[in-house]
Undergrad: 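I am attaching a structure below and will ask some questions about it afterwards.
In what follows, every chain begins at residue 1, and chains take the letters A, B, ... in the order their sequences are listed. Keep in mind that the numbers below use all heavy atoms, side chains included, and drop hydrogens, waters and symmetry copies. For clarity, every value in this text was computed on a predicted model and none was experimentally measured.
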Amino acid sequence: MTPAEMRADVAAATGGNSGRGSYRRLLRASNTYIGLLPFFVYSAIFLALPTARVAFLAFRDQDDHWTLSNIFESFHGVYLLSFQRSIQLSLVSAITGAIFGFIAAYAITVSKIGFLRRIVQTASGVFANTGGVPLAFMFIATIGTYGLVTKGLKLVGIDLYKGGWTLFTFTGLILVYLYFQIPLMVIVILPAIDGLRLEWREAAATLGASKQQFWRYIAGPILLPPFTGALLLLFANSFAAYATAAALTSGTIPLVPIQIGSLVSGNVIADEANLGYALGLGMILIIGFVMTGYAILQRRTAKWLS
Amino acid sequence: MTLTPKLGPGLGFGLGVVAFYFLMPLVSAFEFSARGAGNVYSLEAYGRIASQYGFKDVILLTTRLVFVTVFLTILIMVPTVTWVHLKAKKLRRLIEFISLLPLVIPPVVLVLGVLATMPNYLKGTPMLLALEYVMLAMPYTFRALDAGLGAIDVRTLVDAARGLGSPWHTVFMRIIAPNIRSAIFGSIFLTVALVLGEYTMASLMLWETFPTWIATVGQSEATLAVALSIFSLAFAWVLLLALSAVERRQKGRK
């Protein structure tokens with residue numbers, strides 16, 4: 001702090017000269033913001049501007065006129081199907097991931113084995129960030145046509161690929177997505193499970209509650225907001241994912257990110273060029289909506305967790 | 001007493017299923033990558049990585065992206081978060097909100113906007129990727145640095161240093177940086193892991209980085225692609241493990 005700044009601070013603290021208040025306030029405000037200027041400028045150029053451009057172009061046609069046809073198109077035909085498929089995929093992978101993640105997190109908490117907990121926690125941090133191309137190839141090596149598990153199951157008489165199922169279908173994709181969804185659930189839900197105090201169990205037991213009653217009236221209501229919040233986070237996580245699906249299915253399953261990807265790559269009829277922006281806007285709106293819900297639930301949870 | 005939870009057979013089974021699900025792909029991937037010619041196991045796929053076509057260029061470009069992204073991230077985020085803690089506590093919420101936005105705007109959508117807004121000379125260089133990676137890493141770098149700076153008394157340290165006459169760059173290099181060293185390392189690890197794994201933007205902007213190269217290789221040589229995947233996952237995991245070690249140490253100090 002320069003001496004002048006310090007004086008301004010002291011003046012502000014002691015009330016200062018009231019006559020020049022607005023000027024001083026302006027000076028103080030600019031003093032607050034100036035160090036943040038690089039950050040604001042950077043995120044404006046590399047995040048806000050491109051995003052605003054996407055929203056803008058969603059309402060423009062090829063000849064640069066206002067139009068609603070992109071938006072309209074994005075709710076019809078194969079694009080409507082993509083939104084449905086994306087939402088289904090995200091829902092199923094979020095719910096399944098949340099259930100298994102919860103079981104794992106609960107199991108390591110009640111086991112009270114410190115080293116098991118540390119391993120699971122560290123592994124979750126690592127696996128939750130594992131995605132994209134390497135993950136796709138890992139699963140091809142596991143239950144692809146020549147995967148180890150596929151071959152192993154064949155030895156005991158189960159042919160995964162007999163009924164026309166492949167890894168490159170909807171259910172295959174869910175199986176792969178769980179690899180980063182379950183660990184994310186463990187990370188998010190562990191603090192909430194830790195928040196279930198032993199005293200509450202003892203109090204309930206003393207008052208004669210059964211195990212079912214404890215879950216129905218105490219643990220359930222307490223864990224519901226964080227569980228729902230985690231569900232929303234998992235939904236958004238899978239809804240936005242592109243790399244794994246792109247590498248695994250090479251576009252055979254219509255998902256919104258995949259459609260956008262192929263529109264960017266130019267596999268498209270000329271008059272649909274601006275459709276990608278409408279799809280992008282739709283994605284942002286859905287994820288924004290879901291993440292807002294997550295933030296609200298998170299705040300509610302934080303109230304009793306701290 | 002009856003309500004004290006225990007790891008019963010039900011939960012134990014559940015945990016076992018989850019563990020199996022996570023370990024099996026690791027084992028399978030390694031087995032797959034070690035399949036040599038004529039049903040003999042060998043590690044020759046790993047030996048072929050370096051001699052593969054395009055390897056040198058890909059590594060060079062990816063390394064450059066890593067360095068530029070890390071440099072820019074530190075250059076922008078350390079002063080910003082320091083400033084927030086020092087002078088603009090009220091704006092912390094806003095800055096946090098902005099830095100979390102890349103989680104709401106998925107890369108596949110952001111790349112649409114980037115291609116539609118950026119001037120051609122930027123679109124012609126892969127360093128545009130690095131500029132965007134700084135943005136993609138922001139949710140993580142902000143959190144790491146915010147936690148690091150929250151654990152020290154920034155105001156007193158800076159006032160003392162300034163009072164003794166040190167210029168701002170000295171304050172950053174010799175006062176702030178050493179005190180939040182683990183937070184800085186943490187955000188560097190996360191940024192490196194992100195750049196090494198980012199596929200969406202790189203592939204849609206048509207640059208050949210490590211992840212897109214693996215996908216290209218995979219079209220003709222599955223064994224090699226799986227070996228490369230293991231290689232890249234192992235690298236990312238080492239980084240992330242180092243990160244969690246750093247975090248634990250930070251927590252321990254608090």
Undergrad: Using a cut-off of under 4.5 Å on heavy-atom pairs, state which of B:Val18, B:Ile76, B:Leu204 scores highest against chain A.
TA: B:Leu204
Undergrad: I'd like to know which of B:Pro25, B:Ala29, B:Ser99 tops the heavy-atom pair count under 4.5 Å against chain A.
TA: B:Pro25
Undergrad: Hey, which of B:Ala236, B:Ala222, B:Ser232, B:Ala225 has the most heavy atom pairs under 4.5 Å with chain A?
TA: B:Ala225
Undergrad: Applying ring-ring contact (aromatic ring centres under 6.0 Å, His included) to B:Tyr21 and A:Tyr179, what does each step give before you reach the verdict?
TA: CA-CA 8 Å; B:Tyr21 169 76; A:Tyr179 211 76; 5.6 Å; yes
Undergrad: Can you tell which part of A:Ile218 gets under 4.5 Å to a heavy atom of chain B, answering side chain, backbone, both or neither?
TA: neither
Undergrad: Given the options A:Ile260, A:Ile284, A:Leu36, which has more heavy-atom pairs under 4.5 Å with chain B than any of the others?
TA: A:Leu36
Undergrad: Looking at OG1 of A:Thr122 and CH2 of B:Trp237, how far apart are the two atoms once the value is rounded to the nearest 0.5 Å?
TA: 13.5 Å
Undergrad: For chain B, which of A:Ile286, A:Val133, A:Thr109 has the most heavy-atom pairs under 4.5 Å?
TA: A:Val133
Undergrad: Just give me the residue among A:Ile143, A:Leu175, A:Asn237 that pairs up with chain B most often, heavy atom to heavy atom, under 4.5 Å.
TA: A:Leu175
Undergrad: For A:Phe40, is it the side chain, the backbone, both, or neither that has a heavy atom closer than 4.5 Å to a heavy atom of chain B?
TA: side chain
Undergrad: Which atoms of B:Met138 are under 4.5 Å from chain A, going by heavy atoms: the side chain, the backbone, both sets, or neither?
TA: side chain
Undergrad: With a 4.5 Å cut-off on heavy-atom pairs, point out which of B:Ile214, B:Leu240, B:Leu131, B:Val114 contacts chain A the most.
TA: B:Leu131
Undergrad: Does the separation of the ring centres of A:Phe39 and B:Trp83 fall below 6.0 angstrom?
TA: no
Undergrad: Tell me which of these, B:Phe22, B:Phe231, B:Phe32, has more heavy-atom pairs under 4.5 Å with chain A than the rest.
TA: B:Phe22
Undergrad: I'd like to know which of A:Phe137, A:Phe100, A:Phe127, A:Tyr106 tops the heavy-atom pair count under 4.5 Å against chain B.
TA: A:Phe137
Undergrad: If we define contacts as heavy-atom pairs under 4.5 Å, which of A:Leu47, A:Ile108, A:Val54 has the most with chain B?
TA: A:Leu47
Undergrad: Of the backbone (N, CA, C, O) and the side chain (C-beta and beyond), which part of A:Ala236 lies under 4.5 Å from a heavy atom of chain B, both, or neither?
TA: neither
Undergrad: Considering only heavy atoms, which portion of A:Leu37 lies under 4.5 Å from any heavy atom of chain B: side chain, backbone, both, or neither?
TA: neither
